[in-house]
Asker: 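I am attaching a structure below and will ask some questions about it afterwards.
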Amino acid sequence: MSETMANILIIDDEVGMREGCRRALIPHQFSVQTAEHGVEGLHKLREGQFDLVLLDAMMPGISGLQLLERIHEVDPDVICVMITGYATVDLAAQAMKQGAFDFLPKPFTTDELLAVVRPALAERRRRQELRKQEAREKESLDLERTQQEVAKLDAIVSRFMLVIVHELRNPAGVIKNYLQLMRSGYLDADECNEYIERLDVRATQLLNMLDDLLELAQLKEIVSPVKLRPVAVADILEGVTRELRPVAEAKGLEFQVQVEAQPTMLAQPAHLRFLWTNLIDNAIRYTPSGQVRVTLAERDGQIISTVQDTGIGISTEELTRIFQEFYRSESAKAMVDVGTGLGLTIVDQIVKIYQGTILVDSVPGQGSVFTFTLPLATAGAAA
Ligand code: ADP
């Protein structure tokens, strides 16, 4: 705003005062509009952009003080100067307390008017500059946060590179040894078949690890809010349980699903699918007999889901490590030979990205309960 472009609104019930001010200000290159009373003034204020309001303190209808409040509701940054009569210095003081920038006692000369208007407009420019500065700071803070998020994920991925190479070498090395043994010619047909089976298991493990690693790498994309869309959460759970129920039942496990709410949240459907697939798949895998139970509810703007089993359970010591990449407990390894130890790492990352929480409650030999919450309104928060 340059001073020549400043827009001034005069609200005064006296036509003489309105016109006098207008005529005094126009030659100084201000754009001036007038209003006869508060209602008209507020209307004009809502319609246009004003830098300064000259406001009569004593008007019929809405009083100057009330009007002051309403004006600041419309535009908190507009500068108000009260025009007061001789007898209303107290009122002027009160007006200043309520946010008026200055006051001008009647009668006044053009010079006196300009001596109040000019600093008032300078204050307006200062406030606008401050707002711009705040907006710029907020923008750079947002950018910084996004960059930090990306850097954090980058760091995880790079740290992984080392661990990954080590972990992938393991099944790849075993596969190579088996192949060498088979080519050596010392194995009979039965032994060869057994080694082919083992090769298959190790190759599957290798592939699963690669799939999980790919999943983890793709989590970075959550930073782009473009990928988020409203997701009917219960539908995702329904899809996952439809796939896994036969697996549980084939093992002779009772499989229960209890859906209490039908919330919708902004998310990438694949993330929610991954959460439930992993937790339910683990519950089935690490439960030799009994039951797997899944619940979904909504409370205080959050999704709450539990995945409960009557399986091998997790010791207190193991509980601190199960979310670490590639970690598998000894009892888990003894029970299920092939696992990547990456599922819960990814689950944890997804929950964090949506600013949710995940808790595990477990008693070895009796079973585990995984409980996760996701706020419905984060919009993939990291985004
Ligand atoms: P994976 O299942 O491939 O080993 P995860 O990251 O999904 O990898 O799980 C890590 C470890 O956490 C498992 O190896 C197991 O020790 C433990 N775990 C996870 N879920 C359960 C569960 N429902 N019951 C018992 N142990 C579990």
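Both counts, for ligands and for their atoms, begin at 1 and track the order of listing.
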Asker: Quick one: which ligand 1 atoms are inside 4.0 Å of a heavy atom on Arg285?
Answerer: 1 (P), 2 (O), 3 (O)
Asker: For ligand 1, note which part of Tyr327 has a heavy atom under 4.0 Å away: side chain, backbone, both or neither.
Answerer: backbone
Asker: For ligand 1, which atoms have a heavy atom of Ala332 less than 4.0 angstrom away?
Answerer: 14 (O), 15 (C), 16 (O)
Asker: Should we say atom CZ of Arg299 is surrounded by more than 12 heavy atoms from elsewhere, each under 6.0 Å from it?
Answerer: no
Asker: Looking only at N/O atoms, are Gly341 and ligand 1 under 3.5 Å apart anywhere?
Answerer: yes
Asker: Using distance alone, determine whether Gly343 and ligand 1 share an N or O pair under 3.5 Å.
Answerer: yes
Asker: Ring centres of Trp276 and Phe372 under 6.0 Å apart?
Answerer: yes
Asker: I'd like the name of whichever of Ile280, Val292, Asp281, Ile322 reaches closest to atom 12 (O) of ligand 1 through any heavy atom.
Answerer: Ile322
Asker: Does any donor atom in the side chain of Gln256 or Glu254 lie under 3.5 Å from an acceptor atom in the other side chain?
Answerer: yes
Asker: Any chance the side chains of Gln133 and Glu137 put a donor and an acceptor closer than 3.5 Å?
Answerer: yes
Asker: Between Arg125 and Gln128, do the side chains contain a donor N or O and an acceptor N or O under 3.5 Å apart?
Answerer: no
Asker: So, is Asn282 polar-close to ligand 1, with some N/O to N/O distance under 3.5 Å?
Answerer: yes
Asker: For atom 3 (O) of ligand 1, grab the closest protein heavy atom and report residue, atom and distance to one decimal in Å.
Answerer: Thr340 N, 2.9 Å
Asker: Starting from atom 5 (P) of ligand 1, locate the nearest protein heavy atom and write down its residue, its atom name and how far away it is, to 0.1 Å.
Answerer: Leu344 N, 3.6 Å
Asker: Find all atoms of ligand 1 within a distance of less than 4.0 Å from any non-hydrogen atom belonging to Gly339, and give their numbers and elements.
Answerer: 3 (O)
Asker: Sub-3.5 Å donor-acceptor pair from the side chain of Lys251 to the main-chain atoms of Thr287, do we have one?
Answerer: yes
Asker: For the pair Thr306 (side chain) and Phe370 (backbone), establish whether a donor and an acceptor sit closer than 3.5 Å, ignoring hydrogens and angles.
Answerer: no
Asker: What protein heavy atom sits nearest atom 23 (N) of ligand 1, and how far away is it?
Answerer: Asp309 OD2, 2.9 Å
Asker: Does any N/O atom on Asn278 come nearer than 3.5 Å to any N/O atom on ligand 1?
Answerer: no
Asker: How does Ser368 reach ligand 1, by side chain, by backbone, by both or by neither, if only non-hydrogen atoms under 4.0 Å count?
Answerer: side chain
